[in-house]
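Numbering of ligands and ligand atoms starts at 1, following listing order. None of these values were measured; they are calculated from a predicted model. FYI, the numbering just counts along the sequence from 1.
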Amino acid sequence: MEQISVISQIQARVQKARQEGKVISLVPTMGYFHEGHLSLMRYARKHSDLVLVSLFVNPTQFGPGEDFEAYPRDLERDKKLAQEQDVDILFTPGKEEMYLLNHLTYVRVDKLDKFLCGRSRPTHFQGVCTVVLKLFNICQPDFAVFGQKDWQQLIIIKKMVEDLNVGVKVVGHPIVREPDGLAMSSRNVYLSKEERKQAANIYQGLLLAKKLVEQGEVETSRIKERVQNFYQEQIPLGKLDYLEIVHPFELTSLERIEDKALMAVAMQVGKARLIDNLLLRGSLDV
Ligand code: PAF
């Protein structure tokens with residue numbers, strides 16, 4: 001595996017691969033790899049000839065007071081893990097390489113960035129879209145793979161690609177969970193032992209909602225109330241940011257479940273802001 005930190009070098013490698021007719025994939029990450037990231041790399045490996053993984057803790061997607069400085073970093077461990085997945089190139093640009101000192105351009109997907117996480121993180125998705133579009137322009141992949149844990153991020157990136165005619169296929173890959181159900185996240189390392197134990201109930205709450213829907217409940221207010229009560233009992237260390245039942249693609253809140261519905265949750269547990277989601281009805285095919 002090669003490690004490249006300079007944009008012009010990765011562009012030269014990509015150009016050569018293109019001329020050779022290779023299928024190029026990109027897995028954008030902020031590092032501190034866990035099984036979720038590795039599953040994205042394995043998908044990319046299986047479906048392309050040249051696998052690029054970018055590792056960049058993107059400052060523009062963190063708001064004031066968020067965990068940019070504290071975000072876990074371990075390049076040597078990440079290099080080893082990426083190598084084990086047979087990644088071809090780990091792209092590790094520095095902040096100055098990605099953002100010129102006089103950087104002025106930001107990409108925003110209107111409306112979709114106002115729901116769910118957008119309410120408490122108003123500039124987050126603008127930072128994500130800007131860096132992802134830059135990575136797409138630099139790496140020119142045929143497709144890029146993102147985890148479905150960040151469901152809103154995935155929907156927003158798909159919309160950006162559609163609206164701006166970006167020639168990259170955006171692939172969503174299923175959430176990878178710990179044995180007790182907690183969605184894998186680099187931020188899980190912030191959790192104390194007790195917080196970690198309680199955090200597993202985030203997923204149990206989503207499963208409770210799904211069970212209620214399967215039993216015929218369609219009123220979302222009743223489902224949310226049951227799950228909120230469950231969280232209060234089972235995750236006393238958690239502070240709920242939101243618990244919503246939304247249309248999976250439009251991200252608008254639903255009052256009744258008639259067709260497709262996705263439950264999404266964000267909760268602060270100790271120092272970790274955790275998010276998760278589960279499809280309650282319908283399929284995720286667009
Ligand atoms: O999901 C992430 O890790 C980040 O938001 C991403 C897509 C790599 C952009 O920085």
With Ser253, the side chain to side chain donor-acceptor pair (under 3.5 Å) member among Glu244, His247, Lys224: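 Exactly one candidate clears the test, Glu244.
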
In sequence, state the C-alpha distance, the side-chain angles, and the governing distance for Arg108 and Gln126, and then conclude on side-chain hydrogen bond (donor to acceptor under 3.5 Å, both in side chains). CA-CA 5 Å; Arg108 231 201 93 209; Gln126 173 177 301; 5.0 Å; no

Assess, by modelled atom type and distance only, whether the side chains of Asp67 and Tyr190 contain a donor and an acceptor separated by less than 3.5 Å.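 Asp67 vs Tyr190: donor-acceptor pair found between side chains.
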
Of the protein's non-hydrogen atoms, which lies at the shortest distance from atom 3 (O) of ligand 1, and what is that distance? Met30 CG, 3.7 Å

List every atom of ligand 1 that sits less than 4.0 Å from any heavy atom of Val131, numbering the atoms from 1 in the order shown and giving each element. 9 (C), 10 (O)

Just which atoms of ligand 1 are under 4.0 Å from any heavy atom in Gln153?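 Checking each atom against Gln153, I get 1 (O), 2 (C), 4 (C), 5 (O), 7 (C).
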
Would one find an N or O of Gln61, backbone or side chain, under 3.5 Å from an N or O of ligand 1?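 Between Gln61 and ligand 1, an N or O pair is found under 3.5 Å apart.
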
Looking only at heavy atoms, is any part of Thr29 under 4.0 Å from ligand 1, and if so is it the side chain, the backbone, or both, or is it neither?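 Only the backbone of Thr29 comes within reach of ligand 1.
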
Student check: side-chain heavy atoms of Pro141 and Ser25 closer than 4.5 Å: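 No, their side chains stay 4.5 Å or more apart.
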
Verify, without hydrogens or angle tests, whether His173 (side chain) and Phe146 (backbone) share a donor-acceptor contact under 3.5 angstrom. no

